[in-house]
Amino acid sequence: MGDRLTRDFYRQDVLRVAPGLLGQYLVRVWPDGRQGRYVITETEAYRGEEDRACHACRGKTRRTEVMYGDGGKLYMYFIYGMYWMMNVVAAQEGVPQAVLIRGLREAGGPGKLTRLLEVDRAFYGEDLVTSDRIWVEESVHPPEFTTGPRIGIQYAGQPWIDMPWRFLMR
DNA sequence: AACACGATTTCG
DNA sequence: GAAATCGTGTTT
């Protein structure tokens, strides 16, 4: 069992937090006491209002406000009429950045892993530093990883389409 | 109040 | 390649 990641980890720039989450253990505890531990294998960084692919590019709304808060909370949003996406807020208060969790060793795809974990709107704003039902624990050593352009953000235009802000564990 | 669209997945 | 399906932001 590793130590839970601290507030200071999440308060770093998203370009450090996104790759930094690779290889770490995402822990989920259900109401009945059952516990699951999953290795995070793929993430993507969304970086502030200037990033046209980031939901914060349209400013603060009820949906995006948690991204403007302190790092370490969950930003959940619903898309395509059927999927909840799970994001980890990075950086400090006032800096809207988030990491989309795209894959776990046990489940590839952001829409599939939230179904596996059974997390939805009820986890909007959940604090990974203090929650008793979901958090992240540190693995022994950081894994090697590769990078690439983010998925499904063609509408964002250049240079955002080509930013290598997708991180995959080898 | 109505409308357009999306950080996806699955099936043909 | 297209459908499924609805919350959110924008427009009326």
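Just so it is clear, the model here is predicted, and its values are computed rather than measured. A note on names: the letters A, B, ... follow the listed sequences, proteins ahead of strands, and every chain is numbered from 1.
- Relative to the ring axis of A:Trp135, A:Arg4 places its NZ or CZ within 45° and under 6.0 Å from the centre.
- Straight-line distance from the OH atom of A:Tyr80 to the C1' atom of B:dC11: 17 Å, rounded to whole Å.
- Residue A:Met82 is in base contact, counting any heavy-atom pair closer than 4.0 Å across all strands shown.
- Below 30°, between 30° and 60°, or above 60°: for A:His55 and A:Tyr77 the angle between ring planes is above 60°, a perpendicular geometry.
- Centre separation under 5.5 Å together with a plane angle under 30° does not hold for the ring of A:Tyr83 and the six-membered base ring of B:dT8, so they are not marked as stacked.
- Within a 6.0 Å radius of CZ in A:Arg16, other residues, nucleotides and ligands contribute 12 heavy atoms or fewer.
- Here the C1' atom of nucleotide B:dG6 and the CZ atom of A:Arg52 are 15 Å apart, to the nearest Å.
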Polar atom pairs (N or O), protein with nucleotides 7-12 of chain C, under 3.5 Å:
| residue | atom | partner | partner atom | Å |
| --- | --- | --- | --- | --- |
| C:dG9 | OP1 | A:Thr61 | OG1 | 2.3 |

Audit row: A:Tyr68, A:Glu49, side-chain hydrogen bond (donor to acceptor under 3.5 Å, both in side chains) steps and yes/no: CA-CA 10 Å; A:Tyr68 286 78; A:Glu49 294 184 342; 2.5 Å; yes
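- For the pair A:Arg150 CZ and B:dA7 P, the computed distance is 11 Å after rounding to whole Å.
- Within the 3.5 Å criterion, the main-chain N or O of A:Arg63 finds a donor-acceptor partner in the side chain of A:Tyr124.
- With 3.5 Å as the limit, one finds no donor-acceptor pair spanning the side chains of A:Tyr38 and A:Gln24.
- Residue A:Gly111 is in sugar-phosphate contact alone, with no base atom involved, counting any heavy-atom pair closer than 4.0 Å across all strands shown.
- Side-chain atoms of A:Arg28 come within 3.5 Å of backbone N or O of A:Leu117 as a donor-acceptor pair.
- A:Tyr46 has its OH atom 13 Å from the P atom of B:dG6, to the nearest Å.
- Among the atoms of the strands shown, base atoms are found under 4.0 Å from some heavy atom of A:Leu100.
- Atom CD of A:Glu42 and atom P of B:dA7 are 16 Å apart (whole Å).
- In terms of phosphate contacts, A:Arg115 brings no side-chain nitrogen or oxygen within less than 4.0 Å of OP1 or OP2 of B:dT8.
- Summarising the geometry, the separation between CD on A:Gln154 and P on B:dT8 is reported as 11 Å, rounded to the nearest angstrom.
- One atom, NE2 of A:His55, and another, P of B:dC5, lie 15 Å apart when rounded to the nearest Å.
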Test side-chain hydrogen bond (donor to acceptor under 3.5 Å, both in side chains) applied to A:Trp30 and A:Glu118, step by step: CA-CA 9 Å; A:Trp30 277 267; A:Glu118 295 183 274; 2.8 Å; yes
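- Both thresholds, 5.5 Å between centres and 30° between ring planes, are not jointly met by A:Tyr155 relative to the base of B:dG6, so the two rings are not stacked.
- What separates CZ of A:Arg166 from C1' of B:dT8 is a distance of 13 Å, to the nearest Å.
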Dot-bracket line, read 5' to 3' along DNA chain B, where crossing pairs take [ ] and | marks a partner on another strand, Watson-Crick or G-U under 3.5 Å: ||||||.||||.
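- A:Asp127 has its side chain out of reach of A:Leu74: every pair of non-hydrogen atoms, C-beta onward, lies at least 4.5 Å apart.
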